[in-house]
**Q** 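Dropping a structure here in structure tokens format, bear with me for questions.
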2 protein chains.
Amino acid sequence: MSYTIKDVAKHANVSIATVSRVLNGLSGYSKATEEKVLQAIKELEYQPNAIARGLISKKSNTVGILFPEVSSQFSAKILRGVEEAVHRLGSSVIVCNTASHGQRTMKYLQLLSEKRVDGILFVSESITEEFYKTLDSMKIPVVLISTESYQYPFPFVKVDDKHAAFTATDYLVRMGHSKIGMLGGNKEDLIAGQPRIDGYKQALAQSGLPINEQSIIHSLGFSFKDGFTGLPKLLEQSSDLTAIFAASDALALGAISAAYKLGVKIPDELSIIGYDNLPIAEMAIPPLTTVAQPLEEMGMVATEMLFSMMEQGRRVESRILPHCVIERESVKEIKPI
Amino acid sequence: MSYTIKDVAKHANVSIATVSRVLNGLSGYSKATEEKVLQAIKELEYQPNAIARGLISKKSNTVGILFPEVSSQFSAKILRGVEEAVHRLGSSVIVCNTASHGQRTMKYLQLLSEKRVDGILFVSESITEEFYKTLDSMKIPVVLISTESYQYPFPFVKVDDKHAAFTATDYLVRMGHSKIGMLGGNKEDLIAGQPRIDGYKQALAQSGLPINEQSIIHSLGFSFKDGFTGLPKLLEQSSDLTAIFAASDALALGAISAAYKLGVKIPDELSIIGYDNLPIAEMAIPPLTTVAQPLEEMGMVATEMLFSMMEQGRRVESRILPHCVIERESVKEIKPI
DNA sequence: GTGAAAGCGCTAACAA
DNA sequence: TTGTTAGCGCTTTCAC
């Protein structure tokens with residue numbers, strides 16, 4: 001059992017109130033008592049009990065973060081930014097892996113509520129009515145990362161998916177491509193799925209290029225496997241493609257592996273641009289050209305938003321962070337005909 | 001402000017002691033009062049305050065985990081296993097990114113101590129005397145993951161690095177290779193660096209193959225970049241190598257990328273086996289044959305060890321988890337001469 | 001079967 | 001400048 005403020009008080013021959021004062025850097029004691037107290041703290045190696053502090057201050061100095069999948073590179077990068085900012089701001093972060101499972105998410109929300117976390121970060125998933133209700137009843141700030149809600153008023157930080165997809169596709173156009181296919185994620189996904197398809201189509205339309213539904217593959221997810229199985233299908237449907245926009249880096253890597261198996265040379269016979277700029281992008285062969293989302297920064301910005309809501313008690317503006325294309329070697333410039 | 005046990009008691013017309021009893025599933029009340037209390041809890045949507053509970057029970061139901069780098073795939077996989085087990089066991093996990101920085105680590109230890117976490121998981125890094133002292137003074141269970149300490153008595157869970165490196169190298173031998181090089185990590189690293197080199201040498205020795213220091217590159221780390229710069233050097237020192245054991249998957253992928261640039265065909269001209277079996281291993285071209293560490297399982301097992309120490313108060317045995325080689329396509333079988 | 005009351009370690013209002 | 005005291009929300013004796 002470690003020492004309490006009482007022990008320190010006794011040791012320093014002062015009251016616990018005085019100890020509390022020097023502990024919290026308040027005024028109301030002489031230099032001499034401060035010395036005495038500090039000395040006692042050092043001698044006893046006293047550590048204030050954050051739980052007792054939390055009980056009275058009604059602050060746990062802890063925030064919760066919910067991921068559909070903590071072990072993905074995507075989540076890990078966001079977590080890195082969050083962890084950095086949270087600690088800089090004097091708090092800790094509890095991580096929860098929801099596995100995109102509603103009931104599990106509810107259990108976590110319950111848990112975080114009982115633990116009296118000061119705020120919640122919600123990543124990638126969409127907010128159901130059930131989530132909203134309990135989030136709302138907790139009366140603590142919530143910030144969404146890499147997702148948004150059209151129905152519920154939570155501030156968010158993300159990239160403009162449609163715009164980023166436009167940028168990726170437009171980059172391909174500028175590199176001389178006109179037969180451009182897309183390896184899409186789940187089109188039911190209104191936040192990260194459909195908007196990227198819209199951006200792709202808009203880029204094509206803006207350059208006067210035809211939009212052909214045969215040139216799009218809609219996968220169920222954004223995974224390597226989806227890309228691996230998706231590419232052959234896409235090439236079968238549209239054999240004259242010279243470039244592909246993949247809606248995630250994992251999808252793109254899967255496509256590259258499939259292309260390798262098919263003997264299709266990247267980028268000589270087929271160019272590919274990805275989306276995310278995960279660490280794997282630069283490990284690809286060839287290194288993957290991709291549209292970067294500033295994941296760590298998104299985590300940091302979201303955390304800062306959360307804290308300013310916690311401190312000032314008022315809502316904060318959502319933030320759209322800039323994306324940019326990272327040129328590597330998976331896209332080849334071709335001469336327009 | 002949410003409701004307290006007092007409100008529930010008032011609402012149900014019982015004492016707070018009774019509410020506490022039903023909350024904790026203790027005996028000492030009639031079926032009828034239980035109903036009343038449960039009803040009141042439901043109506044008020046009462047949520048017990050875990051902080052108040054923690055103050056009195058002296059348990060925070062929280063454990064801390066320290067990583068040198070949370071955002072690596074390696075850490076993320078371990079975290080996934082830990083998160084799973086921790087929640088199954090009724091706790092939460094606070095993550096800390098030490099950046100392999102001593103002072104930062106000390107700050108986190110301090111923080112976790114003040115938060116009165118029930119246990120600590122320490123990943124990949126080695127325990128300094130300073131860490132040991134504060135860990136020891138916290139008087140809570142500690143379990144090491146993917147590292148161990150020769151000087152301090154913390155139980156650990158890891159793979160047998162030397163043995164796993166032996167297995168990897170021996171696999172290459174069995175596939176007919178006799179000119180085998182190694183892309184090593186930091187040899188100053190007594191836990192993950194040197195043992196893998198030892199395992200490699202032992203496998204060679206056991207098969208009567210010569211050990212040539214020119215066939216080993218010692219990098220500073222285990223990263224993609226290290227592999228990328230390491231391979232050309234290795235090939236320059238020993239141009240007749242037919243196979244390479246890389247001490248990590250990242251190192252192996254870096255080597256594969258470098259080989260690609262050099263025009264060296266994998267596995268036709270050079271075979272490569274990795275170490276870790278991260279998700280990136282199967283995304284490589286060609287898919288990487290590697291020695292798998294069961295990272296998620298390591299996280300789960302370590303967590304279970306931690307909890308059994310917390311509950312039973314006594315030390316627990318360290319665990320060496322089995323490794324195995326995952327055959328993919330980066331190693332070619334060659335006929336012995 | 002149920003309630004009153006003490007107290008976990010701390011902060012903050014109020015006195016002195 | 002300093003101490004006394006009343007809680008924060010809960011668990012747990014100890015009475016009844």
Side-chain angles (χ1 to χ4, degrees), chain A residues 1-41 44-62 90 111 113-118 138-139, chain B residues 1-41 44-62 90 111 113-118 138-139:
Chain A
M1 207 74 310
S2 56
Y3 292 109
T4 73
I5 197 171
K6 235 172 169 169
D7 301 311
V8 176
K10 201 170 295 173
H11 203 84
N13 258 312
V14 296
S15 72
I16 61 168
T18 298
V19 177
S20 176
R21 283 188 193 103
V22 348
L23 233 36
N24 293 289
L26 303 177
S27 59
Y29 46 83
S30 67
K31 194 73 191 158
T33 25
E34 179 176 6
E35 291 295 327
K36 271 198 302 184
V37 172
L38 257 20
Q39 181 63 23
I41 288 175
L44 300 182
E45 294 190 338
Y46 166 73
Q47 301 228 338
N49 183 327
I51 298 188
R53 282 180 153 178
L55 182 57
I56 187 156
S57 69
K58 293 177 181 331
K59 278 198 59 187
S60 59
N61 285 318
T62 305
L111 178 83
S113 176
E114 295 194 2
K115 291 236 160 117
R116 300 296 194 263
V117 294
D118 305 324
M138 288 170 70
K139 301 200 185 334
Chain B
M1 209 72 309
S2 55
Y3 292 109
T4 73
I5 197 171
K6 236 174 171 168
D7 301 310
V8 176
K10 202 170 296 172
H11 203 82
N13 257 311
V14 295
S15 72
I16 59 169
T18 298
V19 177
S20 176
R21 283 188 192 104
V22 347
L23 232 36
N24 294 288
L26 304 178
S27 58
Y29 46 86
S30 66
K31 194 74 192 158
T33 23
E34 179 175 7
E35 290 296 326
K36 272 197 304 184
V37 172
L38 256 22
Q39 182 62 24
I41 287 175
L44 299 182
E45 295 188 335
Y46 166 72
Q47 303 228 337
N49 183 327
I51 297 187
R53 282 179 152 179
L55 181 57
I56 188 157
S57 69
K58 293 180 181 329
K59 279 198 59 187
S60 59
N61 285 317
T62 305
L111 179 82
S113 175
E114 295 194 1
K115 292 235 158 117
R116 299 300 194 260
V117 293
D118 304 323
M138 289 169 71
K139 301 199 185 336

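Convention: sequence-line order gives letters A, B, ...; per-chain numbering from 1.
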**Q** Counting just side-chain N and O atoms, does B:S27 come under 4.0 Å of either OP1 or OP2 of C:dG1?
**A**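 Checking B:S27 against C:dG1: no side-chain N or O falls below 4.0 Å of OP1 or OP2.
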**Q** By nearest nucleotide on DNA chain D, pick out whichever of B:S57 and A:E34 is the more 5' one.
**A**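 Whichever sits nearer the 5' end wins; that is A:E34.
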**Q** For B:T33, report the nucleic acid contact type (base, sugar-phosphate, nothing); a contact means any heavy atom under 4.0 Å.
**A**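 Sugar-phosphate only.
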**Q** Run the numbers on B:Q47 and A:S113 for side-chain hydrogen bond (donor to acceptor under 3.5 Å, both in side chains), then give the verdict.
**A** CA-CA 8 Å; B:Q47 303 228 337; A:S113 176; 2.5 Å; yes
**Q** Indicate whether OP1 or OP2 belonging to D:dG9 is found under 4.0 Å from a side-chain N or O atom of B:T4.
**A**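 No, B:T4 has no side-chain N/O under 4.0 Å of OP1/OP2 on D:dG9.
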**Q** Is the phosphate of D:dC10 approached by B:Y46 (side-chain N or O, under 4.0 Å from OP1 or OP2)?
**A**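 Looking at the OP1 and OP2 atoms of D:dC10, one of them is under 4.0 Å from a side-chain N or O of B:Y46.
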**Q** Is the distance from OP1 or OP2 of C:dG1 to the nearest side-chain N or O of B:K31 less than 4.0 Å?
**A**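 Negative; the distance criterion is not met.
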**Q** So A:K59 and A:R53, do their side chains get closer than 4.5 Å, heavy atoms only?
**A**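 Answer no - side chains too far apart.
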**Q** Check this one for me: any side-chain N or O of B:R53 less than 4.0 Å away from OP1 or OP2 of D:dT11?
**A**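 So the side-chain polar atoms of B:R53 do come within 4.0 Å of the phosphate oxygens OP1 or OP2 of D:dT11, strictly under.
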**Q** I'd like to know if A:R21 reaches the base of D:dG3 with its side chain such that a donor and an acceptor end up less than 3.5 angstrom apart.
**A**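 Answer is yes: a donor-acceptor pair is held.
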**Q** How about A:N61 and A:D118: do any of their side-chain heavy atoms sit closer than 4.5 Å?
**A**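 Of all side-chain heavy-atom pairs linking A:D118 with A:N61, at least one is under 4.5 Å.
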**Q** For the residue pair B:V19 and B:L23, establish whether any side-chain heavy-atom pair is separated by less than 4.5 Å.
**A**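 Counting from C-beta outward, B:V19 and B:L23 do come under 4.5 Å.
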**Q** From CD1 of B:I5 over to C1' of C:dG3, roughly how many Å is that when rounded to an integer?
**A**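 That distance rounds to 13 Å.
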**Q** Locate the shortest heavy-atom distance separating B:I5 from B:Y46; write the atom from each residue and the value.
**A**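 So the minimum-distance heavy-atom pair works out to N-CE1, 3.6 Å.
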**Q** Is the closest side-chain heavy-atom distance between A:T62 and B:K115 below 4.5 Å?
**A**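 Side chain of A:T62 against side chain of B:K115, heavy atoms only: contact under 4.5 Å found.
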**Q** Starting at atom CD of A:Q47, determine the distance to atom P of C:dC8, rounded to an integer number of angstrom.
**A**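 Taking CD of A:Q47 and P of C:dC8, I get 19 Å after rounding.
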**Q** Return the value, rounded to whole Å, for the distance between atom NE2 of A:H11 and atom P of C:dG9.
**A**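 The answer, rounded to whole Å, is 18 Å.
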**Q** From the set C:dC10, C:dT2, D:dG3, return the single nucleotide nearest to any side-chain atom of B:Y29.
**A**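 In terms of side-chain proximity for B:Y29, the closest of C:dC10, C:dT2, D:dG3 is C:dT2.
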**Q** Take the protein atom CG of A:L26 and the nucleotide atom C1' of C:dT11, then report the distance between them rounded to whole Å.
**A**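 Result: 9 Å.
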**Q** At under 4.0 Å, does any side-chain N or O of B:N49 touch on OP1 or OP2 of D:dC8?
**A**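 No.
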**Q** What's B:S20 touching, base or sugar-phosphate or nothing? Going by heavy atoms closer than 4.0 Å.
**A**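 The answer is base, as B:S20 lies within the cut-off (heavy atoms under 4.0 Å) of a base atom.
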**Q** Just the rounded figure in Å: distance from P of C:dG9 to CG of A:L23.
**A**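 Answer to the nearest Å: 15 Å.
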**Q** Strictly below 4.0 Å: does A:T18 bring a side-chain N or O up to OP1 or OP2 of D:dG3?
**A**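 Checking A:T18 against D:dG3: at least one side-chain N or O falls below 4.0 Å of OP1 or OP2.
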**Q** Indicate, with a heavy-atom threshold strictly under 4.0 Å, whether A:I51 touches base, sugar-phosphate, or nothing.
**A**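 Nothing: the residue A:I51, judged by heavy atoms under 4.0 Å, touches no strand.
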**Q** Could you tell me the separation between the CD1 atom of B:I56 and the P atom of D:dG9, rounded to a whole number of Å?
**A**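 So the CD1-P distance, B:I56 to D:dG9, works out to 14 Å.
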**Q** Rounded to whole Å, how long is the line connecting atom NZ of B:K6 with atom C1' of D:dC10?
**A**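 These atoms are roughly 11 Å apart.
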**Q** Can you tell me how far C1' of D:dT13 sits from CD1 of B:I16, to the nearest Å?
**A**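 To the nearest whole Å, that distance equals 13 Å.
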**Q** Tell me whether the side-chain N/O atoms of B:K58 come closer than 4.0 Å to OP1 or OP2 in D:dT11.
**A**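 Negative; the distance criterion is not met.
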